[in-house]
Colleague: 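I am attaching a structure below and will ask some questions about it afterwards.
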Amino acid sequence: MREPSGAGDRPAASPSGSLIAAVRGAIRDVPDFPTPGVVFKDVAPLLADARLFAQTTDALAAPFADEGITHVIAVEARGFIFGAPVAQRLGAGFIPVRKAGKLPWNTERIEYALEYASGVLEIHRDACAPGARVLLVDDVLATGGTAAATAALAERLGARVVGIAVLIELTFLHGRDALAGRRLESLVAY
């Protein structure tokens, strides 16, 4: 279910209905995790299926294949799982964004709000050169706070955020609102 948003979006070739159905079928709901009332979308079964995992990362990369992406930025931990193979498919470098205190070099940091807490993210100050064309990749878009904070970090380095690709979009949390004007591609939406 690819839904372009923001100014200047170009429609991308949509993944097949059978791929979307397979991805949905492989994502399991875990009620009351990590807190009561939350239904966690567990992607472990998808990751365990080598073919489906490869098809999924191909589908996340495809809309950005002709965008001259130089770097893929992903947030720990599940973002890393999807971001690294997307970077390889795009012939781009990979940049990890981590929680405070996890990166060993000089960092740029940002505080942001999560759906049920707050957090701090950091990126290496020398992760990419000004003018880099970056794609943000994550597993889930919920309220949009993590994606917005990550985009802000990339822009502080002088990078241009070309777009955001997520496996799962939780539409009822209105995360797109926090990313107004940014190109967002989601594979499945709930």
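Since we're looking at a predicted model, the values are computed, not measured.
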Colleague: Taking salt bridge (charged side-chain N to carboxylate O under 4.0 Å, His left out) as the definition, give me every residue that meets it alongside D126, ordered by chain and number, with sequence neighbours left out.
Modeller: none

Colleague: Examine distances only and state if a side-chain atom of E76 and a backbone atom of P96 form a donor-acceptor pair shorter than 3.5 Å.
Modeller: no

Colleague: To the nearest 0.5 Å, how far apart are CZ in R78 and CG in L167?
Modeller: 8.5 Å

Colleague: If we only count heavy atoms from C-beta on, is the R98 to F80 side-chain gap below 4.5 Å?
Modeller: yes

Colleague: Distance-only check: which donor-acceptor pairs under 3.5 Å involve side-chain atoms of residues 45-52, not counting sequence neighbours?
Modeller:
unit_1: D49; atom_1: OD1; unit_2: R51; atom_2: N; d: 3.2
unit_1: D49; atom_1: OD1; unit_2: L52; atom_2: N; d: 3.0

Colleague: Could you measure the distance from the CZ atom of R176 to the CG atom of L141? Nearest 0.5 Å is fine.
Modeller: 7.5 Å

Colleague: Under the criterion side chain to side chain contact (heavy atoms under 4.5 Å, CB included), which of V86, I164, V161 is the partner of L135?
Modeller: V86

Colleague: Is E108 paired with R125 through a side-chain N to carboxylate O contact shorter than 4.0 Å?
Modeller: yes

Colleague: Hey, are the side chains of Y190 and I27 touching, using non-hydrogen atoms and a 4.5 Å cut-off?
Modeller: yes

Colleague: Tell me whether R109 contacts the main-chain N or O of A100 through its side chain, where contact means a donor paired with an acceptor under 3.5 Å.
Modeller: no

Colleague: Would a 4.5 Å heavy-atom cut-off, applied to side chains only, mark P63 and R183 as touching?
Modeller: yes

Colleague: What's the verdict on side chain to side chain contact (heavy atoms under 4.5 Å, CB included) for V43 and T56, showing C-alpha distance, side-chain angles and the deciding distance?
Modeller: CA-CA 11 Å; V43 299; T56 299; over 6 Å; no

Colleague: Rounded at 0.5 Å granularity, tell me how far CG in D58 sits from CZ in F53.
Modeller: 10.5 Å

Colleague: How long is the span from the CG atom in D139 to the CG atom in L187, to the nearest 0.5 Å?
Modeller: 12.5 Å

Colleague: To the nearest 0.5 Å, tell me how far L121 CG sits from E111 CD.
Modeller: 10.5 Å

Colleague: Evaluate the side-chain proximity of H174 to T143: yes if any heavy-atom separation is below 4.5 Å, no if none is.
Modeller: no

Colleague: Please confirm whether the backbone N or O of K41 pairs with a side-chain atom of D29, one donor and one acceptor, at under 3.5 Å?
Modeller: no

Colleague: For the residue pair F82 and D138, establish whether any side-chain heavy-atom pair is separated by less than 4.5 Å.
Modeller: no

Colleague: Would you check if I110 and R156 make a side-chain contact, meaning some heavy-atom pair closer than 4.5 Å?
Modeller: yes

Colleague: Spell out, yes or no, whether V140 and F172 are grouped together once hydrophobic residues are joined by side-chain heavy atoms under 4.5 Å, including indirect joins.
Modeller: yes

Colleague: Can you find a heavy atom in the side chain of L136 that is under 4.5 Å from one in the side chain of R182?
Modeller: no

Colleague: Applying a strict under-4.5 Å side-chain criterion to I, L, V, M, F, W and Y, I'd like to know whether V188 and F64 cluster together.
Modeller: yes

Colleague: Quick one: do V75 and Y112 end up in the same hydrophobic cluster if we chain Ile, Leu, Val, Met, Phe, Trp and Tyr together by side-chain heavy atoms under 4.5 Å apart?
Modeller: yes

Colleague: For I20, is there any backbone N or O sitting under 3.5 Å from a side-chain donor or acceptor partner on R24?
Modeller: no

Colleague: Is there side-chain contact between R160 and V162, with heavy atoms separated by less than 4.5 Å?
Modeller: yes

Colleague: Calculate, to the nearest 0.5 Å, the distance between atoms CD1 and CZ belonging to I73 and F94 respectively.
Modeller: 9.5 Å

